[in-house]
Amino acid sequence: MTAQLIDGKAIAQCVRDEVAAEVSRRVAAGKSRPTLATVLVGDRPDSAAYVASKGKACQELGMGSVSQNLPIDASQEQVEDLVKQLQSDRSVHGILVQLPMPSHINEERVLSLIGIEKDVDGFSPLNIGRLAQKGRDPLFVPCTPYGCIYLLEQAGVKIEGANAVVLGRSNIVGMPAALLLISRNATVTVCHSRTRDLPATVREADILIAAIGRTEMVRGDWIKPGAAVIDVGINSVPDATKKSGHRLVGDVNFNEAKEVAGWITPVPGGVGPMTIAMLMKNTLRAAQIQEA
Ligand code: NAP
């Protein structure tokens, strides 16, 4: 292996330790305990697991958490009323509505009820718009792309002036990742399902962020020697040697890419742990903003 492994688990733990220390300082100084409210509509097991892990992280870091679950047949009005109530509750600093919601719920209308100062997911058009404008900082940066940039910075990868390629243009990962790279003075190419020659474009990348959800699609011979590779993909593949019968792999063929890249994140243990760590960081920031 020639690439340096970027250990997301260890870096996420450092972020969590810093957040926990600041939370305890705040509380000891008589300030409010940063509190995250989660809203889950329905009973999707994956969504329930994500919400539970966010609540657990809050507990571990000494933060407050409020978990609100509504049944799958909850009406639009019920979901909106709940979000409005959390929005006006001064003891709640951040609101996270777990997506996707059942198909009869208009997600955009629900999300629009979260004020920018409680939008710890960073998905509101106001936060994304500020991220896209020069000289206008968002209050919150979406957690997964924030984690990607944080990993690059911690690994000492030079972003300024680099050619960066982002695979994927979703609202939650690809597009904000591209905006963050531009804000740090990289030259950015965003690829998607209609991009003509993906391997040729990727070969130009000093920094590659892969977020397409396609099992090990990026091959070793697509990688520029010495590039920094951040693999956001989480894909499940059958594996009879595992108790669960499956294992998780990324969008990049790790075994091939690690022989060419300068830095690389593993899956699991790369970007994954960063997402919740950055959510905790955002929730602390929400409490700080709201008392200012
Ligand atoms: P998404 O909303 O499905 O977006 C996928 C993007 O990839 C789209 O822009 C799509 O292009 C593009 N794409 C799909 N197939 C492609 C192909 N063959 N060639 C080129 N581009 C292609 O996915 P997402 O929510 O951004 O998530 C991406 C991956 O990251 C998934 O594996 C997801 O599980 C993972 N993820 C991980 C974390 C974490 O915490 N680690 C968090 C979020 C997501 P079009 O726009 O043209 O359709």
Side-chain angles (χ1 to χ4, degrees), residues 6-13 15-16 38 44-47 49-54 56-57 96-101 107-108 111 120-123 128 131 140-152 154 164-181 188-205 208-219 222-223 229-237 246-254 257 264-282:
I6 303 179
D7 185 347
K9 218 171 150 190
I11 295 173
Q13 189 56 51
V15 173
R16 291 166 72 118
T38 55
R44 279 178 63 124
D46 56 345
S47 294
Y50 290 139
V51 164
S53 60
K54 289 161 189 169
K56 185 166 167 265
L96 185 144
V97 174
Q98 188 64 44
L99 302 179
M101 283 191 276
E107 290 182 351
E108 201 179 336
L111 294 178
V120 286
D121 251 343
F123 294 155
I128 296 289
L131 185 59
F140 304 103
V141 173
C143 304
T144 302
Y146 190 8
C148 294
I149 301 297
Y150 197 86
L151 288 177
L152 287 169
Q154 291 297 305
V165 170
V166 179
L167 298 185
R169 56 176 166 182
S170 70
N171 290 340
I172 62 167
V173 190
M175 195 53 80
L179 293 171
L180 279 168
L181 288 164
V188 180
T189 305
V190 180
C191 300
H192 44 76
S193 62
R194 318 296 153 78
T195 298
R196 253 191 244 135
D197 189 347
L198 218 49
T201 310
V202 172
R203 278 188 200 109
E204 298 298 317
L208 173 67
I209 296 186
I212 46 179
R214 297 280 179 266
T215 302
E216 297 182 327
M217 188 171 140
V218 177
R219 307 302 303 258
W222 296 21
I223 307 289
V229 177
I230 304 291
D231 191 353
V232 185
I234 301 177
N235 309 291
S236 179
V237 294
H246 66 87
R247 72 191 154 93
L248 297 181
V249 298
D251 289 342
V252 177
N253 184 313
F254 180 83
I264 191 164
T265 57
V267 175
V271 176
M274 293 303 293
T275 299
I276 289 189
M278 296 331 244
L279 176 65
M280 297 297 109
K281 201 169 158 69
N282 277 352

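On a predicted model such as this, the values are computed, not experimentally measured, just so you know. Numbering of ligands and ligand atoms starts at 1, following listing order. Atom set for the values below is all heavy atoms of this structure, side chains included, hydrogens, waters and symmetry mates excluded. Counting begins at 1 with the first residue of the sequence.
At a 3.5 angstrom cut-off on N or O pairs, R169 counts as close to ligand 1. The shortest N or O to N or O distance between D251 and ligand 1 is not below 3.5 Å.
The presence of a protein heavy atom under 4.0 Å from atom 25 (O) of ligand 1 is confirmed.
Which parts of ligand 1 touch L198 is read off a 4.0 Å heavy-atom cut-off, strictly below it: atoms 19 (N), 20 (C). For ligand 1 and G168, the ligand atoms under 4.0 Å from any heavy atom of the residue are 6 (C), 7 (O), 9 (O). Less than 4.0 angstrom separates some heavy atom of S193 from each of these atoms of ligand 1: 11 (O), 20 (C), 21 (N), 22 (C), 45 (P), 47 (O), 48 (O). The distance from ligand 1 to the heavy atoms of M217 drops below 4.0 Å at these ligand atoms: 17 (C), 18 (N), 19 (N).
By the criterion of a heavy-atom distance under 4.0 Å, the side chain of I172, and not its backbone, is placed next to ligand 1.
The option from V232, L167, I212 that lies nearest to atom 37 (C) of ligand 1, judged by heavy atoms, is V232.
Atom 20 (C) of ligand 1 has its closest protein heavy atom at H192 O, 3.1 Å.
Residue C191 places every heavy atom at 4.0 Å or more from ligand 1.
T144 and T275 share a side-chain donor-acceptor pair at under 3.5 Å.
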